[in-house]
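Taking it in order: structure first as structure tokens, then the write-up.
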Amino acid sequence: MNIRVSDPAAIEVRDLTVAYRDKPVLWDIDLTVPSGVLMAVVGPNGAGKTTFVKALLDLLKISAGRIRFFGSPYEACRQDIAYVPQRGSVDWDFPTSVLDVVMMGRYGQLGWIRRPGRRERERAREALRRVGMEDFAHRQIRQLSGGQQQRVFLARALVQDARIYLMDEPLQGVDAVTERAIIDLLRELRERGRTLLVVHHDLQTVTEYFDHVMLLNVRRIASGPVDEAFTPDNLRLAYGGRIAFLRSADAAGPSDAIAP
Amino acid sequence: MEQLFSDYTLRMVALGSAVLGIVSGGLGTYAVLRGQSLLGDAISHAALPGIAIAFLLTGGKTPLALMIGAALAGWLATLWIMSVTGTTRIKYDSMLALTLSVFFGIGLVLLTYIRQRAGAAQAGLDTFLFGQASSLVRRDVVTMAVPGGAALLLMALFWKELKLLAFDPEFGRTLGLPMRRVDLFLTALLVVAIVIGLQTVGVVLMSAMIVAPAAAGRQWTDTLWKMVLLSAGFGAAAGVTGAVLSSTGTGLPTGPLIVLCMGVIMVLSLLFAPNRGLAARHLRARRSTGRFQLETVLLDLYALGMQHNDPLRPHPRGAVQAMRAKEVPVDRLLDRLEKDGLVRRAASGWALTDAGLRNVETLKEERT
């Protein structure tokens, strides 16, 4: 018999529980993210989306559970994982330039004390070109608009040259043109075999932008390919039936409206 | 009296104060950027019991011993603040206030005890409250310059790690950099910067030397290394001016004078720095209001003209004024536009010129 051992999943989460004081923020989450997918994480406010991403990155203490990336624990493959935090998590009035921020993505590989040099600058410029911000390299970061800030963070993750990208609301507060550009970039990364886990807030665009989805509300409500997991029933479970969600006519499945 | 302050004394005073200003200004930059301005206050107040205990243990006023005592106490206070806020629900600012006053209280009690026990002759420790620059001798300056210089050197070496800590520590952790340790390291540098200033400026006002130079420096630049250099320069300037003023016979304590000098630099920076200064902002706001009003008058003339399907048709001044509130100085605006060649006087009032019409067309594009 020919037993084929399949490659380990890009991200494998088992029984993940995170509690703040006595209150569980994430409860007993199992999730498998296959390699090379573009997965959205959606759920209502306070569902624990950001907490989930931070737990994956070992940025906060987990109460229980096991997390593996390509079969290894986080510490063993840190270099393979890039992080795009929420735009509002830093002070954009900080006295530094766009190019400097993007080069920070290389600090991990540079090692202690060593300064970023010409090679780092070139990689940062290249990343800025890919997000359409090459003309802004020497701009002060406080002069950027929201969409530009978001693209600078994306460029900083690009120079990490990772296999897995964890992104917290990269489309939050960006205009329609920037949103398209970012989505094209995410798809390009997927075409190159990268795995992307993206916290997303706009239910209307999930089917259009993503191929996989996880519905989260403290517990994992559902996960998998969008056409299997992103169903009205699951949405009702995740959002508690409080939303009116209109599926666009061209989306797969029957047209549904969930109303309270 | 003048012989008392020989060149040697003045030179030492100026040198010591310059060292203190450079180090506290340079390292204060990070404290200010990280929103930790008050940590400096807690550290400097917490240093007082350390100074007193070092005095009691060594029985003398050796600068190095006192400085080590101050540094240990300041460092201990910081660790205490960090661990309590990390493990309990007490907020950071409450913890700062609490630590500052408790340590300072212990320091005052110990000072009183020393004064009673050792008599008036040993009351020299009181100068640590408000600082005394005129007592600086070569040994003091060396004791300040060596650790201060080392702290600045370390800051330069770990420049990128410290920058990452100040800008985005969580991202730094995902890169595998031990940001907690970097944080402790930076705090240690800050403790050094504070401790070397205590003899000159005093524990009560030392935090101003951490915060004010950096806050003033921030006004003038958007580049981190320029900000560090500027605040070091501001710190040195204020230190030297204040210390020299204090030791040339005014009899005033040095700390308050240095801080006053720093205050002057700070206020000037707040008011007159290009870009961020209040004056520059005010001018910019006025200029843009002015331009907006001019553009509005142009658009009004155009709109009036279009009612007759002739954008270049003249209209009396009253018609233009009627489009806007009485406060809008239509006469002055029309004169200004005429000077720019955008409108012209006609027999029956004011009309757009061809250049004015072109201007209107680009404006209409911009505003839609």
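When reading the values below, keep in mind they use all heavy atoms of this one structure, side chains included, and skip hydrogens, waters and symmetry mates.
- Residue A:V101 touches chain B through its side chain alone, counting heavy-atom pairs closer than 4.5 Å.
- Put simply, the side chain of A:P85 reaches to within 4.5 Å of the side chain of B:D168, judged on heavy atoms.
- Checked by atom type and distance alone, the side chain of B:K160 never pairs as donor or acceptor with a backbone atom of A:P116 at under 3.5 Å.
- Only the side chain of A:R142 comes within contact range of chain B, with heavy atoms under 4.5 Å apart.
- A heavy-atom distance below 4.5 Å is found between the side chains of A:M104 and B:K163.
- Enclosure of atom CZ in B:R180 is not indicated, since only 12 or fewer non-hydrogen atoms of other residues, nucleotides or ligands lie within 6.0 angstrom.
- Side-chain contact between A:Q79 and B:L175 is absent, with no heavy-atom pair separated by less than 4.5 Å.
- One distance of note links CG of B:L164 with CE of A:M103; it measures 12.5 Å at 0.5 Å rounding.
- For the set B:G176, B:G172, B:G35, the entry with the most heavy-atom pairs within less than 4.5 Å of chain A is B:G176.
- For the pair A:D93 and B:R276, the salt-bridge criterion is met [side-chain N within less than 4.0 Å of a carboxylate O].
- Considering every non-hydrogen atom in both B:M227 and A:P95, the closest pair reads SD-CG, 3.9 Å.
- Proximity to chain B is absent for every atom of A:S97, based on heavy atoms less than 4.5 angstrom apart.
- In terms of heavy-atom proximity, A:D91 sits nearest to B:F167 at O-CE1, 3.7 Å.
- Residue A:W92 places its CH2 atom among more than 12 non-hydrogen atoms of other residues, nucleotides or ligands, all under 6.0 Å distant.
- Taking the six-membered ring where tryptophan is involved, the planes of B:F158 and A:W112 are perpendicular, since the angle between them exceeds 60° and thus also 30°.
- Contact annotation for B:R89: both backbone and side-chain heavy atoms come within less than 4.5 Å of a heavy atom of chain A.
- The 12-atom threshold is exceeded at CH2 of B:W159, counting heavy atoms of other residues, nucleotides or ligands nearer than 6.0 Å.
- The environment of A:R14 atom CZ is dense: over 12 non-hydrogen atoms of other residues, nucleotides or ligands sit within 6.0 angstrom.
- Interface remark: B:V182 contributes side-chain atoms only to the contact with chain A (heavy atom separation under 4.5 Å).
- Counting only heavy atoms from C-beta outward, the side chains of A:L59 and B:T174 approach each other to under 4.5 Å.
- At a heavy-atom cut-off of under 4.5 Å, chain B is reached by A:F153, A:R156, A:Q160 from residues 146-179 of chain A, listed in order of number.
- Using a 4.5 Å cut-off between heavy atoms, B:K226 does not touch chain A at all.
- Contact between B:E161 and A:I113 at its shortest, heavy atoms only, is OE2-N, 3.2 Å.
- In terms of heavy-atom proximity, A:R78 sits nearest to B:R173 at NH1-O, 3.0 Å.
- Looking at B:L177, only its side chain comes within 4.5 Å of chain A, counting heavy atoms on both sides.
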